[in-house]
Amino acid sequence: MNAEGRLAGRFVALGITGSIAAYKAVELLRLLRAEGADVAVLMTQSATRFVGTLTLEALSRHAVESDVLALQPDGRIGHVVIADAADAIVVAPATAHWLGMMANGIAGDVVTATCLASAAPVVVAPAMDGEMYEHPATRRNVARLHEDFGCAIVDPELGALASGQTGVGRLAALPLIVDAVVAAIGDRPIRAPGAARPALVEPRHEEDLAGRHVVVTAGGTAEPIDPVRFIGNRSTGKMGMAIAQAALDRGASVTIVAGLVSVAPPEGARIVRAETTETMRAAVLHELVAPDGGAGLDALIMAAAVADFRPRLTADTKLARGGPLVLELEATPDILAEVGRISRGSDVGGALGRALEPRPVLVGFAAETGSLARAPEKLRAKGVDLLLANDVSQADSGFGTDTNRVTVYSRDGDADPWPLLSKHEVADRLLDLVAGRLDERDAGRQTGGAPSAQETTR
Ligand code: CTP
């Protein structure tokens with residue numbers, strides 16, 4: 001999805017009815033997504049005979065709704081969720097039959113039911129045989145949709161029709177339909193961001209991380225003040241757990257080094273508890289280097305919010321309330337920077353004295369407030385391959401939210417702003433990059449090739 005597109009942040013329902021032009025809806029879906037829209041597909045039963053739901057599901061990443069009574073995985077009624085959340089509904093192609101049903105409010109199919117149940121603007125692009133389009137019944141139904149119900153109509157074009165005849169009835173050019181959706185939404189506010197929308201379907205992945213050991217740190221650290229109090233932060237572990245789940249789905253063996261978390265870890269991961277920065281450091285370094293001195297992991301993803309300061313001294317007994325309390329804080333060790341140095345073999349006083357083989361892919365997160373300007377320097381200072389920076393002061397992009405808006409900085413100097421995504425989507429896209437880098441790494445090792453430009457600039 002395109003964050004700069006005319007439909008960025010919008011949720012569009014695409015209704016497909018049973019015309020031969022239904023195949024064009026696949027391309028329409030792609031164009032709507034290219035404009036930045038999140039799109040869910042609604043189909044009449046006859047439309048499912050023209051084009052496969054699997055294609056539309058894979059491209060839209062939502063379950064296709066073709067049954068008025070179908071429920072979402074979370075128990076909500078699918079088409080009602082879409083009706084409530086859609087910024088626009090576009091019915092393309094719309095058959096003569098469907099126009100008749102809609103003109104009379106007969107909610108026998110999921111497309112009509114959604115249009116009736118929604119306050120969203122509706123765009124209708126008819127497609128049918130020329131004689132059918134000219135029939136007074138069709139003309140009256142189209143007029144009713146436009147004049148009585150306020151639907152925008154994208155008129156069909158003159159051209160060769162499936163019947164072999166030439167006439168007016170061919171589905172309008174797809175860019176015109178996209179333009180009509182953009183115009184229908186105008187500057188209306190976004191109706192329902194995030195969780196109010198239908199759930200995203202996890203893409204079916206090949207096991208491109210099979211045989212890899214991926215270590216993910218998750219949650220926040222807790223630095224003790226006394227036996228009952230600590231300095232902590234607002235991290236819940238959602239982002240780290242989403243990454244761990246996505247890595248498991250791709251066949252990786254996954255270790256989660258968990259600080260304080262308030263979400264359950266995915267089944268199948270090995271869990272190492274590490275609540276302070278010091279124990280997290282020890283746990284990560286333990287995973288990093290295998291007993292034979294080689295790399296113990298293929299990728300380290302530091303999604304944990306590690307404390308930057310900790311009390312210099314921890315009281316043995318609970319501090320009693322008296323006058324004011326002054327705590328002296330000291331800086332914590334930077335775990336990721338140390339891992340970066342060890343991986344490169346540049347750790348001063350490090351036991352290895354040489355680079356880790358094979359070199360692991362290192363990923364950091366940077367939680368910033370206001371500006372991401374410091375991210376490139378953080379990436380360099382920590383020696384990581386990728387740094388995902390987000391502005392945690394944004395309501396949709398911080399601790400405990402289900403969504404995240406990150407900019408991905410990479411060692412080659414790229415900065416790629418991703419649109420607002422669910423944390424699961426961020427995890428998946430991140431693992432696409434990690435899997436790609438691991439494959440490149442291994443291809444380089446097999447050919448015994450010269451170090452890449454990236455490696456020589458380290
Ligand atoms: N990190 C770490 N050890 C620390 C602090 C942070 O390994 N003591 C890791 C985090 O897990 C994260 C990355 O470093 O992946 C960036 O964390 P962030 O807090 O944004 O960076 P800091 O180095 O702490 O910089 P600053 O406090 O100046 O923002």
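No experiment lies behind these values; they were computed from the predicted model shown.
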Is the shortest distance from a Lys or Arg side-chain nitrogen in [X] or [Y] to a carboxylate oxygen in the other one below 4.0 Å?
X: Arg30; Y: Glu27; answer: yes
X: Asp385; Y: Arg411; answer: yes
X: Glu368; Y: Lys378; answer: yes
X: Lys238; Y: Asp402; answer: yes
X: Lys382; Y: Glu338; answer: no
X: Glu35; Y: Arg6; answer: yes

Check whether any side-chain heavy atom of [X] sits under 4.5 Å from a side-chain heavy atom of [Y], and report yes or no.
X: Thr407; Y: Asn390; result: no
X: Ile301; Y: Leu431; result: yes
X: Val272; Y: Ile256; result: no
X: Phe230; Y: Leu260; result: yes
X: Val214; Y: Asp298; result: no
X: Val81; Y: Arg197; result: no
X: Leu421; Y: Asn404; result: no

Within the supplied structure, the quantity of interest is the number of heavy atoms (other residues, nucleotides, ligands) at a distance under 6.0 Å from [X] [atom1]; does it exceed 12?
X: Ile77; atom1: CD1; value: no
X: Glu267; atom1: CD; value: no
X: Asp292; atom1: CG; value: yes

With no hydrogens and no angle check, is any side-chain donor or acceptor of [X] less than 3.5 Å from a backbone partner on [Y]?
X: Ser60; Y: Leu56; result: yes
X: Thr314; Y: Pro224; result: yes
X: Thr279; Y: Thr276; result: yes
X: Thr17; Y: Pro93; result: yes
X: Asp226; Y: Val228; result: yes
X: Asp391; Y: Gly370; result: yes
X: Arg250; Y: Gln245; result: no
X: Glu65; Y: Met43; result: no
X: Arg10; Y: Gly36; result: no
X: Arg191; Y: Ala86; result: yes

With no hydrogens and no angle check, just 3.5 Å: does a side-chain donor-acceptor pair link [X] and [Y]?
X: Ser346; Y: Arg341; value: no
X: Trp98; Y: Thr44; value: no
X: Thr332; Y: Glu223; value: no
X: Asp67; Y: His79; value: no

| task | Hey, could you give me the CE/CE distance between Met241 and Met239, rounded to the nearest 0.5 Å? | result |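 Result: 12.0 Å between the selected atoms.
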| query | Say you draw a straight line from CG of Leu313 to CG of Leu327; how long is it, rounded to the nearest 0.5 Å? | reply |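 Result: 10.0 Å between the selected atoms.
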| Are Arg405 and Trp418 in a cation-pi contact, defined as NZ or CZ under 6.0 Å from the six-membered ring centre and within 45° of the axis? |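 No, a cation-pi geometry is absent between Arg405 and Trp418.
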| query | Do you know which of Asp208, Asp442, Asp412, Asp432 makes salt bridge (Lys or Arg N to Asp or Glu O under 4.0 Å) with Arg437? | reply |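 Answer after filtering Asp208, Asp442, Asp412, Asp432: Asp412.
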| Taking every non-hydrogen atom, the tightest pair across Ala92 and Leu28 |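 The pair with the smallest heavy-atom distance is CB-CD2, 3.7 Å.
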| query | Out of Leu29, Leu32, Val41, which residue meets the side-chain contact (heavy atoms from CB on, under 4.5 Å) rule with Val12? | reply |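 Testing Val12 for a side-chain contact (heavy atoms from CB on, under 4.5 Å) against Leu29, Leu32, Val41 leaves exactly one candidate, Leu32.
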| Does the side chain to side chain donor-acceptor pair (under 3.5 Å) test come out yes or no for Asp38 and His62, once each step is laid out? | CA-CA 9 Å; Asp38 178 13; His62 286 287; 2.8 Å; yes
